[in-house]
Amino acid sequence: MSEESAPFNLEKTYHHQEVEDRWRSAHWEALGSFHAESGRVLAEGKTPYTVLMPPPNVTGSLTLGHVLNHTLQDIFIRYSRMTGKEALWLPGTDHAGIATQTVVEKKLRKEGISRHDLGRKAFLDHVWRWREEYGGLILRQLRRLGISCDWRRNLFTMDDRASEAVINAFTALYRDGLIYRGTRIINWCPVSQTALSDEEVIMKPRRDKLVYIRYALAKRPGEYITIATVRPETILADVAIAVNPTDPRYRDLVGELAVVPVAGRHIPVIADDYVDIEFGTGALKITPAHDPNDYEVARRHNLPVISVVGKDGRMTDQYGYAGMDRFDAREKILSDLEERGDLERVEEYEHNVGYSERADVVVEPYLSEQWFVRMKPLSERALQVVNDGEIRFHPPHWINTYRHWMENIQDWCISRQLWWGHRIPAWYDSDGRVWVASSYEEACHLAGTDKLVQDDDVLDTWFSSWLWPLTTLGWTGTHSDNDDLRAFYPTDTLVTGPDIIFFWVARMIMAGLYFKDAVPFRDVYFTSIIRDMKGRKLSKSLGNSPDPLKVIDTYGTDALRFTIIYIAPLGQDVLFGEEKCELGRNFATKLWNASRLVFMQREKWFGSLDEFESAYSGFSPDRTTFAFAEEHVLTARYHSMLDRYHTAFGQFRVNDIVRNVYEFFRGDFCDWYLEALKIYLSGISDADAARKAVLLSVHVLEGTLKILHPVMPFITDEIWHYIIKRPHGRSVALSSMPEAEKEWLGMDVSLLSHPRAIISEVRSLRSLFAVPSTSTAPLIIRAADAAAADLLAADSNIIAAMTKCDVQITASAEKPRHAAASVVEGNELFVQLEGLISFEKERARLQKEISNIASYAASLKKKLENSSFTANAPKDVVERERDKLSEAERNLEKLGNNLDVLAG
RNA sequence: GGGCGAUUAGCUCAGUUGGUUAGAGCGCUACCUUGACACGGUAGAGGUCAGAAGUUCGAAUCUUCUAUCGCCCA
C-alpha cells in the first residue's frame, strides 16, 4: 500500500500474480471474512444462504470442471454475502473408497507389499497416512481459485462426526426395513474386486463376435438347436435353453434335453416370454450366474445356478479352462468349439457393454450376497418435491432425466468389498444370524452374546455423500437438530454436474426428506460440461485437458474465472481453449487501466486524499449538477445494468451477468464516459464542477468493482482499496452491493444520447472518405430542435474532440457545398471536406443510403397500412413503427435535399 | 428403441414472455503509438438464423415433419 505522500494510484501495469498472491484465500481466511455464524441467523434474524460444496475426491487434483463449478458457487456465495445474507459455504472432501484404496495399494505394490500382507488395520493406517500427506492437495488448489468457504467447517466423509452419521443412518434404515441383505446378481469389478452400483457402470459400445453354437438334442440323434451368444465362455454354466412360447420354430422342442458342448451336461429346453424371437436364432442359452435376466428366468423355472467365472475374472470351471482369464477363455473355447464342429458361424456384432467407471474394465455380472437400500419407498417423495417445484432445477429440462430415473428406480447396492470406507455395522453370531447396531457393544446386547464377527464389507462412498447436507451441518443421527441445522438447513443452491444427478443429487434429496423431513436444498444449478476446442471431452489420456494452475499462472485467477463464466452458458457444453483466457486477462487489464485514469483525475482535482474522501463520502449522483450529456447517459445506463445484473442472478443466468457488466464497462464507461470526461476536464477552469464529474466516475467505478467482485475477487479487492484509504483488513467482499434505483431506471436518455450518435456518424463519414486523422474538418450541425441545439452546444467541445472536427452548431445554416452529409436523430450533419471528398463518391453514397432508407420506409409503410396489424398489435408496437417511419421519411427528405445540393 | 438437447457471421457463442434493418468475443480489412490502456482505440467487411410446411397482422423465437450432431436411459 502506498504512503500518504506518494501518489495514491495503481502501478502502471497490472501484475496479476503479485496482486493475487497478496489477496490469496489465506489472507481472507486469516481475517475470518467468510465465517458464517448460526447466531446471526437465529438471534439477529439475518437471512441465511447456504451452499454445499460437492466434496471433491481426496485423490483428485484440480480440473477445469472444478474451476467452473467452484467459481459458480463462489459467485453465488459472494453475491449473497454482499446482498446482506449470512452466507455459508461448506467445504469438504470425500474418501473415495475405490479410488483411494487403489492409489494406496499401487504405492504399496511398488514396495512389494499387498494389503493382505499388512492386514486390515495396518493397511488402513497406511491409507490415513497417505491422506494426511496428499489428501489436502485438491483443497489447496481450490484455495488458489480464491473461493470463499468457511474453511473452519471443512469436513471429510471419514471424520468421526460424519462416520457416526453414516452408521446411524444405516441402522435407522435397517430398523425401518429399508436396508436388507440379499443374494443378487450385481455388477462386479474384477480389478477392484468389489461390487458396484448400477450407476458406477458405464455402458460403452464394443465390437464383439456373436457366436452361433449347436447344442445336440439328447433324445434326437443328429438334431440340434442353435443359440447365439457373445459370451461363449459361459456356456459351461448353462442350465437351460429358452425359447419364446409363441415361436413356432421351436414349439415341439420345448421339454427336450440339450447337451452343452464341451461340458456335456444335459439341460432342458424351456419356454419363457423373456426370449426375443428376433434376436439371433430365437433360442437363448440361460446362464443364471452370469446374467441378471437369465437369473430371473432361472428363478421362474426353478433351475440351478452354476458359476464358472471367479472374482478375479478368471475361469473356475472343471472343463480345463480354470485359471484362464475370461477373455482368453473366450478365444480358447471358440477354437475348441470349432474343432468339435459345434460352431455354426460367427458374426461381427456391436453392442453395449458395461465397464467399471474407475478401473475401465468390463464389469462381470456376479452372483453374491450384498446389502441393498430399498429405493422405491424413498423415491416417491423425492419425485414429488421436484415435480411440485419445491426443488428447482436449472436448467429445468433435467427434471425429465430425474423423473425417469425415479420412476424406474432399482435397489441400491451399497456394500463394497473394500477396506477403505465405513464398515458395515452388522455383526454375525455363530448361527450366522445378523445383528445391525451402532456399535459392537450394542450388537452384543441385542444378540445376547459377545461372540460376534463384524461384516467385512464397507459402504459405498455415496452412502456417506448422500448425507452431506446433514453431516456438514453437524448432524450425526443421534439428535435431530442443532443451531447450525436450524439456521442453515435446508441449504439454498447446489452447483453440480449433471453426470452425478443419480449418484448424488437424487440420493441427497431422498436422505434429506427421510432423515430430516425436509428438502436438502432449493435450487440445483447444473453446470456445463467442458470440452476442448474440437468438442471432445477433456481427458488425461487424450492430453487435451489444460492444467488450471498453469492457466492461472499465465493469465491470472480472475482472468480464468471471468473467461470460464463468460463462455459457459446455462445448460450447454462449453468448448475451452487456454487462449480464450485472453478475454478475461484483457478485461482485467482494461479494468486496471480505466481505474488508473480515474485515480489520476482524482489526484489532479483534489488537493489530498482526505479532501477527496470527505467529498466522496457524501456523494450521490445528482442530475441537476451534471454538465455534459454523458453524465446522464452513464448514470442511467449504470442503473439499467444493475437492474439486469440482479435479475440475472435471480434467474441463475450467470452468463448474462458477466456479459452485461463487460459491455457496460467497456462501452458505456470507458469508450463513452471516460473519453468524454477527459475532454470535459481538459478544458475546464471551474474546479468545483470538475470535482463533481470526477466523483461520478469514482462512484460508478466503485459500483462496477462491487458487482464484478463475485466473478473477479482479486483485482476488485485490490482496486477497491484505492478508492479511499481503507485498512488492509477490510474487503470489498464484505461491502454491500449497489442497487438499481427506480428514478434512474425510468429516465429517458434518448435525447441525451444524441452526442454519441453524432460522434459515431461523423467518425464513420471521416473513415469512409479516408480523411487523414491528422486533419481537422469543419463540422456543421443543424440541430433537430431547440432542445437538441442547447444540448449539443453544451457538448460541443466533446463532440469536437471525439470527432476531430471544428464544430459549429446552428439553427439555419446554408447547406454547405463540398460536404459529406448525414442525418442523425433529426440532426443534420455536414462535414466539410473541401478537396478531400469526391463528389462522385458522395453522390453514390447518398444514393445508396437513400435507397436503403426508402426500401426500409416502404416496408414500414406497408406494415402500417395493413389494418390487421394496426388492429392486433399492441399500441406501443404500432406507435414505435410509426415513429420509425416518420424518422425514416424525415431522413429521406433531408438526404434528398443534400443530394440536390451536390447535383446542383 | 425411448427421452433430452443442439443446429444463428470464417471460428466459439448471445438473442429472457413472438414486435431489431439479427448481436458479441476471437479472427479478418483499413486507419491510429493521442498523457489510462496496442492485453488499446476508431471505422468496416461478413449471416436467405440447418431444411420444409404450418400458426400469426408479424417467426431466429411457437407447432409439426425432415436432416445432421451430441448426451442420457434401455
Side-chain angles (χ1 to χ4, degrees), chain A residues 9-10 12-14 16 198 202-203 352 395-405 408 498-499 501-502 529 531 533 535-537 555-556 559 563 566-577 579-601 604 644 647-648 651 653 655-656 659-660 662-663 666-667 670-671 674-675 677-678 682 759-774 801-804 852-853 855-857 859-860 862-874 876-881 884 888:
Chain A
N9 203 345
L10 304 163
K12 181 141 173 53
T13 47
Y14 176 55
H16 62 81
D198 296 341
I202 297 170
M203 302 305 284
N352 284 319
H397 66 77
W398 289 108
I399 292 173
N400 295 318
T401 305
Y402 178 85
R403 194 176 286 149
H404 183 261
W405 188 73
N408 298 283
D499 50 330
I501 188 165
F502 309 137
I529 291 166
R531 299 168 178 282
M533 293 303 281
R536 299 173 304 182
K537 266 193 174 168
Y555 295 97
T563 303
Y566 189 94
I567 65 176
L570 179 57
Q572 299 291 319
D573 290 353
V574 24
L575 308 193
F576 182 88
E579 333 65 72
K580 283 195 177 179
C581 288
E582 285 175 15
L583 173 74
R585 183 200 57 189
N586 296 353
F587 186 62
T589 308
K590 188 78 179 170
L591 186 61
W592 185 264
N593 287 317
S595 303
R596 282 188 66 231
L597 172 67
V598 169
F599 296 147
M600 276 169 69
Q601 296 295 356
K604 190 166 161 195
R644 283 195 301 274
T647 303
Q651 298 175 341
R653 301 175 65 89
N655 196 319
D656 285 0
R659 286 170 188 266
N660 178 36
Y662 182 88
E663 268 172 46
R666 288 196 91 116
C670 294
D671 296 344
L674 289 184
E675 290 304 323
L677 178 72
K678 278 194 288 193
S682 70
I759 290 163
S760 290
E761 182 64 16
V762 174
R763 284 169 168 174
S764 183
L765 288 172
R766 286 187 64 124
S767 163
L768 196 67
F769 289 104
V771 179
S773 57
T774 45
M802 288 177 80
T803 56
K804 201 157 178 27
N852 275 348
I853 300 178
S855 68
Y856 176 50
S859 77
L860 287 168
K862 196 177 156 200
K863 202 172 192 180
L864 285 161
E865 277 163 2
N866 182 346
S867 59
S868 46
F869 169 69
T870 45
N872 292 320
D876 58 313
V877 171
V878 177
E879 203 47 47
R880 228 179 300 149
E881 298 301 300
K884 285 185 204 163

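All values reported here derive from a predicted model rather than from experimental measurement. Every chain is numbered from 1 and lettered A, B, ... according to where its sequence line falls, protein lines coming before strand lines.
Across all strands shown, the partner of C13(B) is G23(B), judged by Watson-Crick or G-U wobble contacts whose two distances both fall under 3.5 Å. For C39(B), there is no paired nucleotide, since no Watson-Crick or G-U wobble pair has both relevant distances below 3.5 Å. G54(B) is paired with C62(B) under the criterion used here, namely a Watson-Crick or G-U wobble arrangement in which both key atom distances are under 3.5 Å. Summarising the base pairing, C4(B) is matched to G70(B) through a Watson-Crick or G-U wobble pair whose two defining distances lie under 3.5 Å.
Nucleic acid contact class of R596(A) (heavy atoms, under 4.0 Å, all strands): sugar-phosphate only. When heavy atoms are screened at a 4.0 angstrom cut-off, P498(A) is found touching no nucleic acid atom at all. Counting non-hydrogen atoms under 4.0 angstrom, D671(A) reaches the backbone sugars and phosphates but no base. Within the 4.0 angstrom heavy-atom criterion, no nucleotide atom of any strand lies near Y14(A). Within 4.0 Å of E675(A), counting heavy atoms only, lies at least one base atom of the nucleic acid.
Residue side chain E663(A) does not reach the base of A14(B) through any donor-acceptor N/O pair under 3.5 Å, judged by distance alone. A donor N or O paired with an acceptor N or O is found under 3.5 Å between the base of A36(B) and the side-chain atoms of K678(A).
Between G47(B) and A60(B), the two C1' atoms lie 11 Å apart (nearest whole Å). C4(B) and C65(B) have their P atoms separated by 12 Å, given to the nearest Å. The same atom, C1', is picked in C13(B) and in A6(B); the two are 12 Å apart, to the nearest Å. Between A45(B) and U61(B), the distance separating the two P atoms is 26 Å to the nearest Å.
Under 4.0 angstrom from either OP1 or OP2 of G44(B) there lies at least one side-chain N or O belonging to S764(A). For the OP1/OP2 pair of G15(B) and a distance below 4.0 Å, the side-chain nitrogens and oxygens of R653(A) include at least one atom meeting the criterion. Between R666(A) and G41(B) there is a side-chain polar atom (N or O) within less than 4.0 angstrom of OP1 or OP2. In this structure, K590(A) reaches the G41(B) phosphate: one of its side-chain N or O atoms is under 4.0 Å from OP1 or OP2. Taking only side-chain nitrogens and oxygens, K862(A) never comes nearer than 4.0 Å to OP1 or OP2 of C57(B). For C57(B), one of the phosphate oxygens OP1 or OP2 lies less than 4.0 angstrom from a side-chain nitrogen or oxygen of N872(A).
Closest to the T589(A) side chain, of the nucleotides C39(B), U12(B), A24(B), is C39(B). Considering only side-chain atoms of N352(A), the nucleotide from C13(B), A74(B), G25(B) that sits closest is A74(B).
Panel note: side chain T589(A), backbone R585(A); a donor-acceptor pair is recorded below 3.5 Å.
Each of S868(A) and I529(A) has a nearest nucleotide on RNA chain B; the 5'-most of these lies closest to S868(A). Mapped onto RNA chain B by nearest heavy atom, N655(A) and D198(A) fall at different nucleotides, with N655(A) at the one closer to the 5' end.
For the pair T563(A) and F587(A), the minimum side-chain heavy-atom distance is 4.5 Å or more.
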